[in-house]
Each structure stands twice: as C-alpha cells, then as structure tokens.
Number of protein chains: 2
Amino acid sequence: MPYDPSEFPAFAVTVDLVVLTVRRHALCALTVRRGEEPFRGQWALPGGFVRAEEDLASAAARELAEETGLRAQDSDSRPADAHLEQLATYGDPSRDPRMRVVSVAHLALAPDLPAPTAGGDAGGARWMPVSKLLGGQDQASEEGLAFDHARILADGVERARSKIEYSSLATAFCPAEFTVGELRRVYEAVWGVALDPRNFHRKVTGTPGFLVPVGGTTTRQGGRPAQLFRAGGATELNPPMLRPEV
Amino acid sequence: MPYDPSEFPAFAVTVDLVVLTVRRHALCALTVRRGEEPFRGQWALPGGFVRAEEDLASAAARELAEETGLRAQDSDSRPADAHLEQLATYGDPSRDPRMRVVSVAHLALAPDLPAPTAGGDAGGARWMPVSKLLGGQDQASEEGLAFDHARILADGVERARSKIEYSSLATAFCPAEFTVGELRRVYEAVWGVALDPRNFHRKVTGTPGFLVPVGGTTTRQGGRPAQLFRAGGATELNPPMLRPEV
DNA sequence: CTAATAGTGTCTATTAGACACTATGTA
DNA sequence: TACATAGTGTCTAATAGACACTATTAG
C-alpha cells in the first residue's frame, strides 16, 4: 500500500471525557448542554478537537481542566487532582452526521467537587446521576445523551466498576484524606450494593500499601471519630475486592 | 468552539494489529517486514489505513483477514477463527515522521496456524517470539520494531496476560477442540510460568460453563489419552485463574 | 520394562462472609 | 438517654496450593 498523504481519507479526531464522581451516595457523570446542532439542547459528554501538535493524553487533560479545573498528573510532580486514563476509541462512520469523526474517549475519576463546574466552552454543565443517564434503555432515547455518548458513558462506568475491584482506583473518588467508611461508601455507590462495614474495614486495612494512616481523625460522618488515611503507593489490589452478587 | 470542518486539523487514522499465538511453547506475535521508508527493512506490526466509510472494528477485521486469512466474528454467525478486540489508541504527534497519524491498535488472539502467513500487502510476514521482540530494553533499539510498535506490542501482551486470568480468552489460542493439558500449556506460554497440572485440571473442569466435553480423546501430546473439550459459553472466569508469583 | 501425560484424592493454610460485641462521638 | 458510625474478634464454609497416587498410552 503506497503511503501518499493524498491517498487516505482525512479524519477529525476528538477526545470525549467520561468524568465520574460520587455525590450524595450516587455515581455521577459530568455532562454539558449542547449549544449547537446537531443534538442542540441535549446533554453530551464534554470533549473537543485534538489540536495539530497535541498528544491524545494532553488533549484529554486540557479538556478536563477546561471543564472542571481539575489537574491530571501530567503537568508537574505534585499529586494529581484526578485520575485520567484512555478508555476506548469510537469511529463508526455515522456517529457524527456532519463528517467523519473518530473520538478517543478518556475516563476521569474525581473527588466530589464543591463547585459543580468551572468555566469552559460549553454553555451549561452539570453532574448527572449515571442511573438517570443510563437507566432504562428506552429512557435513553427520550432524554438521552447526544451522539453515541450513552454507549461511551456505559463503557466508562463499566471500566470504573471493574477496575476498583483489583486496583486502588477507588481512592481517586476520595479527597486527599479520607476515612475507611468514606472509601466504603464510594464502593457502594459505584457498584450500587451494600458492603459489610466490618469485613470491608478488615480487608482494606489489611492490604499492605493500600491505605496509609495520616494521624488525625474526623467525625464528619457522625458517630465515633474515624481515622484519616491517604492513598498508599500500591496501585494493584491483590487479592481483589470482590463485588457481591456473583 | 465552532464546528467548522475547515477549522480542525486533519488526521490519518490507521489500525495496527497485535496478533498473538502460541507456537512451540512460546507466545509469538505476527510481524511484517517494512518495504518502504521510514523504517524500511525493519519489522513492524501489520496494519493499514481505515477507509472512508469503514468502521474501526471492520478495518481491523479486514486487515487481520488480509494478513492471516483468519475471520473474526464479524462476517456471519459461524464461530470465529480468532478473537479480536480493540486495544488502545496511539496518537503522539511525532510517532510517524511523515504526518499526523492516529493508530487504533487492536488485539487478536489466534490458534497456531499451519501456514505462518497468507497473502497480504506486506512483503514478508513472520511469527516472532514476543520475548525476542520485547526482551531487554536495549535490544529493542537495535533490532526493534518500527514506530512505537514495541510499546503497542507490550500493551497488547499485557492485556492478553491479564485477561486470561479472569476470562475464558485463553481458549482463543486453542483449536476448536483441545485438551486440558493443551489449555494449560497456553497459560504457561503466555505467562511464562509452570502450573501444577493437577490443580489446573481441577480448576478448569470445576468452573461451570468453561469447558464442554466433546466426547473423543486424543493422544497427540503423548501419554494417556486425554479428553477433548471445546470452549463453553462462559466468558467470565469467576473465581479467576491466579497467576503465580504474587 | 520406562517414560510420558491424564486424571483423582487428600491435607493444610488462608480467606471471604456472616455476625456478636465494644468504643466513642452527637443530639 | 438514644443513635450513629468506628473498629475488633470469632466462627464456618470454601478454596488455592502442595503433593501422593493411579490410569493409559508409546516406544
């Protein structure tokens, strides 16, 4: 196959973001209101074009910062505000009615933010419960997300749900310092199940390198003061945290 | 951000394939010899441009068929020859010196093929042991793969290694009918470890839906005749097959 | 016979899951 | 006081890993 720049079709390449957080015991995704056709007025995932001299990860980090103010690990060596990873790429020829667009979706996990959104290029932005966005396949069509974003969101949610099983990624949903109970509520919100607090406590505190005690305590959840921890260096969780209802 | 087709940069989009198989107790990848600059004469992963009206998965299946003759599940309802899934997307601005190319890499797992390659658009094609292609970081530079293909291959190998832990994907490396011992040798080759044949047998035959006895036996591995199985419908492997040396 | 692989059984240390109980804060 | 959450201990059923033993072929 000859390699002539004029012989292959030109594509637009975008990054779309599945930004997840846990708010009031519910897994939520960041959505933006579309200001233009097509799908004007509908909710969509945040995203935008990759620039001419920009890496895919950089483009995703830039969009994340524009929409939320969150800093992914990229910039310098300070601890990141959010976890960011590539999710999958969507390139159905008919996914955008205007032109051929290939979207490299990324998954971002962030702690609950005080301000729901910051300035971006989108009109309105909101955290919406994932159950609302994806619940009932038919509901997806009436109030659904634009383009193939429901599919992308579903893939991102499934990635998050499975990845917290065998990694310490759930701590990305927590602030820098958190309690065992708060971490447990993250698992419960993401999986939509109830976990035994005592077994959970034994499991996470017994896994070396997962949690590092930071010294203080807090009563922000009520009840007896709970120890504060920060995420340890361990990224793999072995043996994994098992999702119930197998 | 205005959505004007003339305002965004144009990208070329390709699919690259990490095609893995197990040959003579070694995990091997399909490589093709480059006939043109850049990297002329070096080995590379098979791949090619996505066509104007082609889905990404279709492009990957087409390239796989062109290079190996293998049929992924796409075409019709017959059982597929090979497993094919999207791996990740690589879009560093400098990954191709000629132009901006975004490559959507795919991972294919195939049984050992009698003919190493079939007709394709590449000059020579070979199965090369993964350990040769990736062993010793410095060795990668002298006899290494073109572009960022060493990185792509490493990601694909890691995906395969982790995915056979918790799925029945290892059967994609086996012919339609296989023995427990042959399946065990797949795990041993992919992970590069030795597994206890007795515990392995108990594990796989005790997981419902993983293996379905097909009735016959074979002595193609020598020794006592072994039952033949085919892959069952179960795709998830729960509890997972544990990789030793944790 | 030996050598090879297939397949079953048994023992033990570990652990997930269930749950009783105590500790320490707020209303 | 009642009530919330935090944290520890104990019991049991399941299982991964180690390994003894038998079965059935080829040479």
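Just so it is clear: chains get the letters A, B, ... in the order the sequence lines come, proteins before strands, and each one is counted from 1. All figures in this text were calculated on a predicted structure; none of them were measured in a lab.
Distance A/Leu183 CG to D/dG7 C1': 15 Å, rounded to the nearest Å. The distance from atom CE of A/Met241 to atom P of C/dT15 is 14 Å, rounded to the nearest whole Å. The distance from atom CG of A/Leu237 to atom P of C/dT15 is 13 Å, rounded to the nearest whole Å. Between the C1' atom of C/dA6 and the NZ atom of B/Lys203 lies a distance of 20 Å, rounded to the nearest Å. Atom CD of B/Gln221 and atom C1' of D/dT24 are 16 Å apart (whole Å). As a whole-Å value, the separation of B/Asn199 CG from C/dC11 P is 15 Å. Here the P atom of nucleotide D/dA16 and the CG atom of B/Leu195 are 13 Å apart, to the nearest Å. Between the CG atom of B/Asn238 and the C1' atom of D/dA16 there is a distance of 15 Å, given to the nearest Å.
Looking at the side chain of B/Leu242, the nearest of the listed nucleotides D/dG17, C/dG7, C/dT5 is D/dG17. Here the nucleotide nearest the side chain of B/Val180, chosen from C/dG7, D/dG17, D/dT25, is C/dG7. With D/dT24, C/dT24, C/dT5 as the candidates, the nucleotide lying closest to the side chain of B/Pro225 is D/dT24.
Between A/Gly223 and A/Phe229, the one whose closest nucleotide on DNA chain D sits nearer the 5' end is A/Gly223. Mapping B/Arg185 and B/Arg202 onto DNA chain C via the closest heavy atom, the residue that lands nearer the 5' end is B/Arg185.
Checked by distance alone, A/Arg220 brings no side-chain donor or acceptor within 3.5 Å of a matching partner on the base of C/dG25. Residue A/Arg198 places no side-chain atom within donor-acceptor reach of the base of C/dG17, judged by atom type and a 3.5 Å distance cut-off alone.
Summarising the local packing, CZ of A/Arg24 is surrounded by 12 or fewer heavy atoms from other residues, nucleotides or ligands at distances under 6.0 Å.
An OP1 or OP2 oxygen of D/dA6 is reached within less than 4.0 angstrom by no side-chain nitrogen or oxygen of A/His201. Contact annotation: A/Arg184 reaches the phosphate of D/dA6 (side-chain N/O to OP1 or OP2, under 4.0 Å).
B/Pro239 comes within contact range of the sugar-phosphate backbone alone, with a heavy-atom separation under 4.0 Å but no base atom that close.
Base-pair partner of D/dG27: C/dC1 (Watson-Crick or G-U wobble, both distances under 3.5 Å).
Taking the centre and axis of the six-membered ring of A/Trp191, the NZ or CZ atom of A/Arg161 falls outside the cone set by 45° and 6.0 Å.
Ring centroids of B/Phe229 and B/Phe178 are separated by 6.0 Å or more, keeping the two rings apart.
A salt bridge is absent between B/Glu177 and B/Arg230: the closest approach of a Lys/Arg side-chain nitrogen to an acidic carboxylate oxygen does not fall below 4.0 angstrom.
B/Thr171 contributes a side-chain N or O that, together with a main-chain N or O of B/Ser168, makes up a donor-acceptor pair within less than 3.5 Å.
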